[in-house]
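Below: the structure, in structure tokens.
First the proteins, then the strands, lettered A, B, ... as listed; each starts at 1. Atoms considered below: every heavy atom in the structure, side chains included; atoms not considered: hydrogens, waters and symmetry mates.
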Amino acid sequence: MADSVRRSMPLFSMGIVQKLTGLTARQIRYYEENDLIHPERSEGNRRVFSFNDVDRLLDIKSLLDEGVNLAGIRRVLSEKPLEANRPVEKKAISDAELMKYLKSELVQAGKFGKTSLIQGELSRFFR
DNA sequence: CTTCTTACA
DNA sequence: TGTAAGAA
């Protein structure tokens, strides 16, 4: 049960989540307004998503493609207890794929002189 | 440059 | 949902 800690650790920026989920910032913010997700906020008021948030967003995306409206989605994962049973096989995104995106982000960050937040958080995965 | 909020097409 | 504005 120490995994839940890591899974709810805030470390993804809006940009990364957009790439990870394929959703637009507009959609992500809208879902938050509707209490479908509750990302943390950084000092500069920037949203910081956890692995759980991303996973949740992917579920929302699936439901949306199935034609479920926000009310329905909220009903399906309304206040979904974070400690729910979820088969490893059913994970929406593989760790390998996640690493792939994370790494590309790290590389891009390297092209610039400073990328305080992102680079610092991502380093956890390559340590 | 990235992300935030608000407001309108 | 997309996008324009202005701020941070």
Side-chain angles (χ1 to χ4, degrees):
Chain A
M1 222 168 267
D3 223 41
S4 64
V5 177
R6 208 166 180 171
R7 209 168 309 185
S8 48
M9 191 191 312
L11 32 65
F12 302 120
S13 68
M14 175 58 87
I16 293 177
V17 175
Q18 286 188 66
K19 293 173 183 173
L20 250 33
T21 65
L23 295 168
T24 66
R26 180 77 172 82
Q27 291 177 298
I28 297 172
R29 295 184 187 119
Y30 186 59
Y31 302 154
E32 179 185 32
E33 281 182 57
N34 285 267
D35 298 304
L36 261 41
I37 55 173
H38 314 103
E40 311 268 310
R41 290 301 180 112
S42 66
E43 282 183 50
N45 194 43
R46 281 172 159 45
R47 271 168 265 254
V48 187
F49 307 79
S50 66
F51 186 90
N52 266 322
D53 294 320
V54 176
D55 215 59
R56 186 121 167 157
L57 251 6
L58 289 172
D59 286 343
I60 295 172
K61 189 187 180 187
S62 299
L63 264 27
L64 240 38
D65 290 329
E66 290 171 42
V68 183
N69 57 49
L70 290 188
I73 294 176
R74 193 178 309 147
R75 219 174 140 183
V76 177
L77 7 137
S78 68
E79 299 308 314
K80 180 181 180 181
L82 295 180
E83 288 304 315
N85 12 283
R86 36 145 47 67
V88 185
E89 293 73 37
K90 190 177 176 303
K91 285 179 62 179
I93 186 173
S94 68
D95 290 342
E97 189 169 7
L98 175 59
M99 289 306 244
K100 170 185 161 192
Y101 284 105
L102 254 29
K103 186 173 183 178
S104 68
E105 278 305 316
L106 227 195
V107 173
Q108 278 216 324
K111 291 182 178 179
F112 288 65
K114 83 170 192 179
T115 304
S116 58
L117 201 168
I118 299 178
Q119 188 164 48
E121 299 292 11
L122 289 182
S123 66
R124 297 173 188 284
F125 289 97
F126 302 100
R127 186 176 50 180

Review point. Looking at side-chain heavy atoms only, is the closest gap between A:I16 and A:L11 below 4.5 Å?
Key: no
**Study point:** Letter per nucleotide, 5' to 3', of nucleotides 4-9 of chain B [B base touched, S only sugar-phosphate touched, - untouched; heavy atoms, 4.0 Å]
**Key:** SB----
Practice item. For residues A:S13 and A:R46, determine if any side-chain heavy atom of one lies less than 4.5 Å from a side-chain heavy atom of the other. Key: no
Practice item. List in chain and number order the residues that pass side-chain hydrogen bond (donor to acceptor under 3.5 Å, both in side chains) with A:S62, two or more places apart in sequence or in another chain; answer none if no residue qualifies. Key: none
Practice item. Go through the structure and list residues passing side-chain hydrogen bond (donor to acceptor under 3.5 Å, both in side chains) with A:N45, not counting sequence neighbours. Key: A:R41
Review point. For A:D3, which residues count as a side-chain hydrogen bond (donor to acceptor under 3.5 Å, both in side chains) partner, sequence neighbours excluded?
Key: A:R7
Point to revise | Set of residues satisfying salt bridge (Lys or Arg N to Asp or Glu O under 4.0 Å) with respect to A:E40, sequence neighbours excluded | key: none
Revision key, fill the gap. The side-chain hydrogen bond (donor to acceptor under 3.5 Å, both in side chains) partners of A:T21 (sequence neighbours excluded) come to none
Revision key, fill the gap. Chain A reaches DNA chain C, atoms under 4.0 Å from its heavy atoms, from C:dT1 to C:dA8
